[in-house]
Amino acid sequence: MMSKKQTIEALDLIAEMFPDAECELTHSNPFELLIAVVLSAQCTDALVNKVTPGLFAKYKKPEDYIAVPLEELEQDIRSIGLFRSKAKNIKKLSQALLEQHNGEVPKTREELVKLAGVGRKTANVVTSVAFGVPAIAVDTHVERVSKRLGICRWKDSVKEVEETLMKKIPKERWSDAHHQFIFFGRYHCKAQSPQCDTCPLLDRCREGQKRMKAREGK
DNA sequence: AACTCGGGGCA
DNA sequence: TGCCCAGAGTT
């Protein structure tokens with residue numbers, strides 16, 4: 001397991017690789033971000049960004065999502081997959097914003113996770129990106145990278161990964177680290193092709209060392 | 001903890 | 001054409 005010091009050193013190297021890492025979901029206000037992150041569950045940000053410009057031109061406020069028939073909203077987001085449940089969630093979520101939050105996006109994780117289609121990851125992205133609250137949203141990239149590097153244990157749950165990262169990374173770096181890990185996982189340490197050969201973290205990476213030894217053994 | 005939902009992108 | 005992508009909700 002990486003110590004706190006080792007974790008920060010690894011993070012520094014990743015930050016050098018992706019100094020401009022930031023949220024890639026197209027949005028221009030907290031409500032658009034919330035919708036975009038809900039849509040991004042189980043699909044890529046690039047795919048979400050294909051539908052959101054048209055979607056946000058048509059739907060500006062929670063009322064707009066409520067006004068339209070479910071089938072119409074389903075068709076508007078059909079290309080991203082899982083569109084039936086996502087359309088239902090967005091209508092429910094819009095209703096809740098109107099009835100319980102004056103049509104505004106709530107600013108706390110506790111309130112956000114009560115919304116339909118909003119889980120731990122989505123809530124953390126919204127609070128950190130829209131409201132500047134320090135947070136580490138653990139998606140599959142963050143989880144995979146943290147486990148490969150040895151920052152946390154392979155068997156850790158998403159919640160345990162998040163708690164470990166918060167312990168080992170200074171709070172003022174949580175939000176930047178979150179995006180840097182995501183970029184590292186998405187563009188370099190990919191699920192099927194980690195690109196260990198060109199990785200600056202190879203000598204300090206648990207999984208990378210294991211892979212190199214396995215290759216030499218052949 | 002395991003299962004389900006789903007179309008797009010790429011080999 | 002079949003594998004890979006990548007969270008929330010339910011049981």
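Since the structure is predicted, the reported quantities are computational estimates derived from the model, not experimental observations. Both backbone and side-chain heavy atoms feed into the values below; hydrogens, waters and symmetry mates do not. Below, chain A is the first sequence line, B the second, and so on; all start at residue 1.
- In this structure, A:Q192 reaches the C:dC5 phosphate: one of its side-chain N or O atoms is under 4.0 Å from OP1 or OP2.
- Rounded to whole Å, the distance from CD1 on A:I90 to P on B:dC5 is 20 Å.
- Using atom P as the reference point in both C:dA6 and B:dC10, the two lie 13 Å apart (nearest Å).
- At whole-Å resolution of the value, CZ in A:R84 and C1' in C:dG9 are 17 Å apart.
- At a threshold of 4.0 angstrom between heavy atoms, the contacts of A:L82 include nucleobase atoms, whether or not backbone atoms are also involved.
- A 4.5 Å side-chain heavy-atom check between A:C189 and A:Q195 finds every atom pair outside the cut-off.
- Counting to the nearest Å, the P atom of B:dG6 and the CZ atom of A:F83 are 7 Å from each other.
- Between A:K58 and A:D64, no side-chain nitrogen of the basic residue sits less than 4.0 Å from a carboxylate oxygen of the acidic one, so the salt-bridge criterion is not met.
- Under a 4.0 Å N-O distance rule, the pair A:K167/A:E163 does not qualify as a salt bridge.
- Remark: P of B:dC5 and NZ of A:K86 are 15 Å apart, rounded to the nearest angstrom.
- Spacing between C:dT10 and B:dG6 at atom P, rounded to whole Å, works out to 14 Å.
- Side chain of A:S79, nearest nucleotide from B:dG9, C:dG7, B:dG8: B:dG8.
- Side-chain contact between A:E216 and A:R211 is absent, with no heavy-atom pair separated by less than 4.5 Å.
- If you take CG of A:L115 and P of C:dG7, they are 18 Å apart, rounded to a whole angstrom.
- Nucleic acid contact for A:N89: none, since no nucleic acid atom lies under 4.0 Å from a heavy atom of the residue.
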Would you list the atom pairs, donor with acceptor, under 3.5 Å between side chains in residues 124-132 of chain A and any protein atom, with sequence neighbours excluded?
| residue | atom | partner | partner atom | Å |
| --- | --- | --- | --- | --- |
| A:N124 | ND2 | A:I136 | O | 3.2 |
| A:N124 | ND2 | A:E162 | OE1 | 3.3 |
| A:N124 | ND2 | A:E162 | OE2 | 3.4 |
| A:T127 | OG1 | A:A123 | O | 3.1 |
| A:T127 | OG1 | A:N124 | O | 3.1 |
| A:S128 | OG | A:N124 | O | 3.2 |
| A:S128 | OG | A:V125 | O | 3.4 |

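- When the side-chain nitrogen and oxygen atoms of A:T140 are compared with OP1 and OP2 of C:dG7, one or more of them lie within a distance under 4.0 Å.
- A:A46 comes within 4.0 angstrom of no nucleic acid atom, judged by non-hydrogen atoms across all strands.
- Residue order along DNA chain C, read from the 5' end via each residue's closest nucleotide, puts A:T44 first among A:A116 and A:T44.
- The pair A:E110-A:K114 does not count as a salt bridge, with every side-chain nitrogen at least 4.0 angstrom from each carboxylate oxygen.
- Using a 4.5 Å heavy-atom threshold, the side chains of A:L34 and A:L115 count as touching.
- What separates CD1 of A:I77 from P of B:dG6 is a distance of 10 Å, to the nearest Å.
- Near DNA chain B, meaning a heavy atom under 4.0 Å from it, residues 25-43 of chain A has A:Q42, A:C43 in order of number.
- Using a 4.5 Å heavy-atom threshold, the side chains of A:Y65 and A:F31 count as touching.
- Taking atom CZ of residue A:R120 and atom P of nucleotide C:dA8, one finds them 10 Å apart after rounding to whole Å.
- OP1 or OP2 of C:dA8 sits under 4.0 Å from a side-chain N or O of A:T122.
- Separating the CD1 atom of A:I80 from the P atom of C:dC4 is a distance of 22 Å, rounded to the nearest angstrom.
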